[in-house]
Amino acid sequence: MALLEVQDLKVYFDIVRGQVKAVDGVTFKLEKGETMGLVGESGCGKTTAAFAITRLLPDNGDIVGGTITFDGRIIAGSEEERSLTKRKKAKYVDQIMREIRWDEISLIFQSAMNAFNPVHKVGDQIAEAILAHEDISKQDARKRVVELFKLVGLDVGRIDAYPHEYSGGMRQRAMIAMALACNPQLIIADEPTTALDVIMQDRVLAEIRDLQRKLGMAMIIITHDISVVAEVAKKIAIMYAGRLMEYGDITAIFERPSNPYSIGLMASFPSIIGEKKPLYSIPGSPPDLANPPSGCRFHPRCKYAKSICKEENPELTEVEPNHHSACHFALEIFNGQLSEVN
Ligand SMILES: Nc1ncnc2c1ncn2[C@@H]1O[C@H](COP(=O)(O)OP(=O)(O)OP(=O)(O)O)[C@@H](O)[C@H]1O
Ligand SMILES: [Mg+2]
């Protein structure tokens with residue numbers, strides 16, 4: 001049994017002019033101890049997917065379709081949940097997630113600055129999280145915080161400092177310590193390193209990789225930087241405009257990308273080992289998710305687009321074991337038989 005199973009997840013936001021279809025039919029699985037990278041351009045729905053899994057969506061957002069199963073329990077989209085009114089549903093979700101959030105699934109927020117309360121000391125806030133979930137004494141919680149500080153490479157002497165006294169890198173590490181506090185089975189790290197300079201980014205990534213190896217938890221790393229994923233994950237899910245474009249084993253996808261969007265995304269990042277070549281940029285910009293294009297959402301920007309792409313949404317199809325692509329011409333691309341039309 002997979003640890004996390006996301007099946008045809010749909011998350012919409014209500015806005016004045018209608019609905020934003022931020023996540024619109026996303027399916028993936030994560031096994032125990034596995035690391036997956038969730039990548040895609042800004043606004044494609046990565047954070048929304050993370051908030052759906054942790055059930056932390058803002059009031060105007062709702063899971064309108066699909067299911068999320070964690071460790072055998074349906075944590076979103078069960079029959080029971082669907083039958084409830086909005087108010088009762090909020091209570092129901094609270095009840096389910098109280099046992100799971102932080103304890104079993106924890107989230108490293110995209111903005112670590114906002115994740116800590118500015119008026120409490122960092123160490124106290126982490127201790128609070130432990131005390132809320134475990135029946136241990138304050139002294140033991142404090143001891144655990146000291147261990148966690150050491151684990152993530154934070155100076156223990158700074159345990160009683162306030163969040164604003166930390167540098168960006170330290171706050172990010174403190175956020176990781178917080179996420180690890182209750183030994184969760186799954187950590188979702190939303191852009192854990194984007195706010196950091198390149199050197200600090202490398203260190204924090206190395207730290208995350210080490211911790212993952214040592215502690216064996218499963219992890220979803222969300223980023224728009226595909227090179228980050230290459231360093232830490234075995235599996236990748238590439239998202240575009242609320243949908244998965246390509247999904248599976250990272251080596252297979254890096255070596256034999258079979259979706260025009262992923263090919264464009266990979267060509268837009270520099271390769272350290274490959275030959276020097278000008279960086280590519282995908283023409284156009286991502287669509288407005290309140291009014292997404294028909295058919296394949298990438299078709300207006302795709303150089304391979306044919307008429308079927310405007311009409312039908314391509315399903316994820318297997319091009320080889322552990323490698324899926326949502327493109328009407330996935331197999332042709334995989335086999336090198338497709339040439340651009342425009
Ligand atoms: N509360 C909200 N109300 C309305 N629309 C929202 C809300 N939150 C997010 N969105 C919209 O949902 C879409 C997906 O946003 P999301 O934050 O999930 O993207 P992302 O992939 O995490 O982007 P980034 O890389 O910039 O963090 C965007 O179009 C965004 O504007
Ligand atoms: Mg985001």
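Ligands are counted one by one from 1 in listed order, and the atoms in each one are counted from 1 as well.
Neither the backbone nor the side chain of Val23 comes within 4.0 Å of ligand 1, counting heavy atoms alone.
Set against the non-hydrogen atoms of Ile15, the atoms of ligand 1 under 4.0 Å away are 4 (C). Those atoms of ligand 1 with a heavy atom of Glu191 less than 4.0 angstrom away are 25 (O). Close approach of ligand 1 to Pro58 is summarised as follows: ligand atoms under 4.0 Å from at least one heavy atom of the residue are 1 (N).
Below 3.5 Å of separation, one finds an N or O of Lys46 facing an N or O of ligand 1. Considering backbone and side-chain atoms together, Cys44 places an N or O closer than 3.5 Å to an N or O of ligand 1. Between Thr47 and ligand 1, a contact under 3.5 Å exists for at least one N or O pair. Every N/O-N/O distance between Gly40 and ligand 1 stays at or above 3.5 Å.
No more than 12 heavy atoms of other residues, nucleotides or ligands shown are found within 6.0 angstrom of CD on Glu99.
Taking each of Phe51, Phe13, Tyr240 in turn, the one with a heavy atom nearest to atom 6 (C) of ligand 1 proves to be Phe13.
Counting all heavy atoms, side chain and backbone alike, Thr223 lies closest to Glu191 at CA-OE1, 3.6 Å. The two residues Cys309 and Phe329 make their nearest non-hydrogen contact at SG-CE1, 3.7 Å. Nearest heavy-atom pair, Met245 versus Asn259, reported as atom, atom and distance to 0.1 Å: O-ND2, 3.0 Å.
Scanning the protein heavy atoms around atom 26 (O) of ligand 1, the nearest turns out to be Ser42 OG, 2.5 Å. In this structure, the protein non-hydrogen atom closest to atom 23 (O) of ligand 1 is Gly43 N, 2.7 Å. For atom 16 (P) of ligand 1, the closest non-hydrogen atom of the protein is Thr48 OG1, 3.6 Å. Scanning the protein for heavy atoms near atom 27 (O) of ligand 1, the closest one is Gln110 NE2, 2.8 Å. Nearest protein heavy-atom neighbour of atom 11 (C) of ligand 1: Val20 CG1, 3.9 Å. Looking from atom 1 (N) of ligand 1 to the surrounding protein, the closest heavy atom is Asn60 OD1, 3.2 Å. Annotation: atom 12 (O) of ligand 1 to nearest protein heavy atom, Ala22 CB, 3.4 Å.
Using the six-membered ring where Trp is involved, Trp102 and Phe109 have ring planes that are tilted, between 30° and 60° apart. Relative orientation of the Tyr247 and Phe28 rings is tilted, given thresholds of 30° and 60° on the angle between their planes.
Salt-bridge check for Arg17 with Asp288: passed, with a basic side-chain N closer than 4.0 Å to an acidic carboxylate O. Contact check on Glu165 versus Arg158 returns no salt bridge, with no Lys/Arg side-chain nitrogen under 4.0 Å from an Asp/Glu carboxylate oxygen. Contact check on Glu81 versus Arg55 returns a salt bridge, with a Lys/Arg side-chain nitrogen under 4.0 Å from an Asp/Glu carboxylate oxygen. In this structure, Asp62 pairs ionically with Lys89, as a charged nitrogen and a carboxylate oxygen lie closer than 4.0 Å. Comment: Arg98 does not engage Glu104 in a salt bridge, judged by the lack of any side-chain N to carboxylate O separation of less than 4.0 angstrom.
When each of Gln212, Lys234, Arg209 is checked for a side chain to side chain donor-acceptor pair (under 3.5 Å) with Thr35, only Gln212 meets the rule. The salt bridge (charged side-chain N to carboxylate O under 4.0 Å, His left out) test with Glu41 is passed by exactly one of Lys46, Arg301, Arg297: Arg301.
Put simply, part of Gly45 is less than 4.0 Å from ligand 1, judged by heavy atoms. Using a 4.0 angstrom heavy-atom cutoff, Met239 does not count as in contact with ligand 1.
For atom 14 (C) of ligand 1, the nearest protein heavy atom lies closer than 4.0 Å. Distance screen at 4.0 Å: atom 19 (O) of ligand 1 has a protein heavy-atom neighbour inside the cut-off.
Between the Mg ion (ligand 2) and Thr47 there is an N/O/S contact shorter than 2.8 Å.
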